[in-house]
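Reviewing the structure listed below.
Just the heavy atoms: all of them, side chains too, but no hydrogens, waters or symmetry mates, feed the values below.
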2 protein chains.
Amino acid sequence: MTNTTYHVGIEATMAVLSGKWKPVLLCLIQSGNNRNGSLLRALPDVSQKVLTEQLRQLVSDGILERIDYNEKPARVEYHVTEYGSSLTKILMSLCHWGEQDIRRKQAAGVSVSLGTAL
Amino acid sequence: MTNTTYHVGIEATMAVLSGKWKPVLLCLIQSGNNRNGSLLRALPDVSQKVLTEQLRQLVSDGILERIDYNEKPARVEYHVTEYGSSLTKILMSLCHWGEQDIRRKQAAGVSVSLGTAL
DNA sequence: CTGTATCCTTATTGATACTG
DNA sequence: CAGTATCAATAAGGATACAG
């Protein structure tokens, strides 16, 4: 019953992306890194708890789908849904912008760098 | 000296956009709502403190410029810089995506709506 | 009008241990 | 391997009062 009213459309988008790791997760999953363990290894600073939480929220928002192969040992994969890809396409632009911004800041003497997790 | 290392470009972007109100602020300012008071009125839930903080961070990241007309009573305007517009262009896509997502959720029975602050 | 300065509350995230 | 549960830490934001 708690009606959420936004002022501008982007608030709804940011609600879906809210969470420290969601944008990165989407980029990684989009490029084929789609399992719990390998995501944990790619992002050493995310905790198991938060990883699960944010993946589940993306699933419940229709951006990701969770595929459980019912194997032993457990095997689960996350994939971007067709609907989700309408969002991840834009995220790729943001990714590119970020890369340029890093270069810009480096040129300005700021100490930032970009490792390769992709 | 604290070197920041990102894994994926989008982390740098999200660092620039981090803060509950920054994306909305950019949309509003882009469309001509560029003063402290009118932004406060358009977003009744942002506090003066946070508004100032986030505007200043956007200025220091080169996305906005702050123009002080040195009048009395004080008059200050915020404008998107040319560099910033490379980012706000993408934000407009996110804005549009959010509008569609709201409709999608409404169709699914979720109680969300979009007021008009623009 | 446009902000600063404090203090306080809430939201998010992290660490760790344990289960199917 | 994938995930849950619990507790502790931190970050982020809000309320209020005051200043140029």
Rounded to the nearest angstrom, tell me the gap between atom [atom1] in [X] and atom [atom2] in [N].
| X | N | atom1 | atom2 | result |
| --- | --- | --- | --- | --- |
| A/E77 | D/dC1 | CD | C1' | 13 Å |
| A/L25 | D/dA2 | CG | P | 14 Å |
| B/K72 | C/dG3 | NZ | P | 15 Å |
| A/Q57 | C/dT12 | CD | P | 9 Å |
| B/E53 | C/dT6 | CD | C1' | 13 Å |
| B/N34 | C/dC1 | CG | C1' | 14 Å |
| B/N33 | C/dT2 | CG | P | 11 Å |
| A/L40 | C/dG14 | CG | P | 11 Å |

[X], nearest nucleotide to its side chain (from [options]):
| X | options | result |
| --- | --- | --- |
| B/K20 | D/dG14, D/dA2, C/dG14 | D/dG14 |
| B/V50 | C/dG14, D/dC1, D/dG14 | D/dG14 |
| B/N36 | D/dA5, C/dT2, C/dG20 | C/dT2 |
| A/T52 | D/dT4, C/dC1, C/dT13 | D/dT4 |

Is [X] touching bases, backbone alone, or none of the nucleic acid, heavy atoms closer than 4.0 Å?
| X | result |
| --- | --- |
| A/Y69 | nothing |
| A/D68 | nothing |
| B/Q48 | base |
| A/Q54 | sugar-phosphate |

* Would you say the side chain of A/K49 and the base of C/dT13 hold a donor-acceptor pair, judged only by whether the two atoms sit under 3.5 Å apart? ->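 Flag set: donor-acceptor pair detected.
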
* Any side-chain donor paired with an acceptor under 3.5 Å for B/Y83 and A/D101? ->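 A donor-acceptor contact under 3.5 Å links the two side chains.
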
* Between B/G19 and A/L55, just flag the one whose closest nucleotide in DNA chain D comes earlier from the 5' side. =>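 Taking each residue's closest nucleotide, the earlier one in sequence belongs to A/L55.
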
* Compare side-chain N and O positions of A/R66 against OP1 and OP2 of D/dA2 and report whether any pair is under 4.0 Å apart. =>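 No, because none of the side-chain N or O atoms of A/R66 sits under 4.0 Å from OP1 or OP2 of D/dA2.
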
* D/dA2 OP1/OP2 closer than 4.0 Å to side-chain N/O of A/R35 ->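 So the side chain of A/R35 is within the cut-off, an N or O lying under 4.0 Å from OP1 or OP2 of D/dA2.
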
* Asked: Any side-chain heavy atom of B/N34 within less than 4.5 Å of one from B/V80?
  ->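 Of all side-chain heavy-atom pairs linking B/V80 with B/N34, none is under 4.5 Å.
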
* Asked: Can you tell if the side chain of B/Q48 reaches within under 4.5 Å of the side chain of B/N36, non-hydrogen atoms only?
  ->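 Yes - at least one pair of side-chain heavy atoms lies under 4.5 Å apart.
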
* To do: Treating Ile, Leu, Val, Met, Phe, Trp and Tyr as nodes and any side-chain heavy-atom pair under 4.5 angstrom as an edge, say whether A/V59 and A/W21 lie in one connected cluster.
  =>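 A/V59 clusters together with A/W21.
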
* A/K22 and side-chain hydrogen bond (donor to acceptor under 3.5 Å, both in side chains): which partner among A/Q54, A/Q57, A/E53? ->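 One option only clears the test, and that one is A/Q57.
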
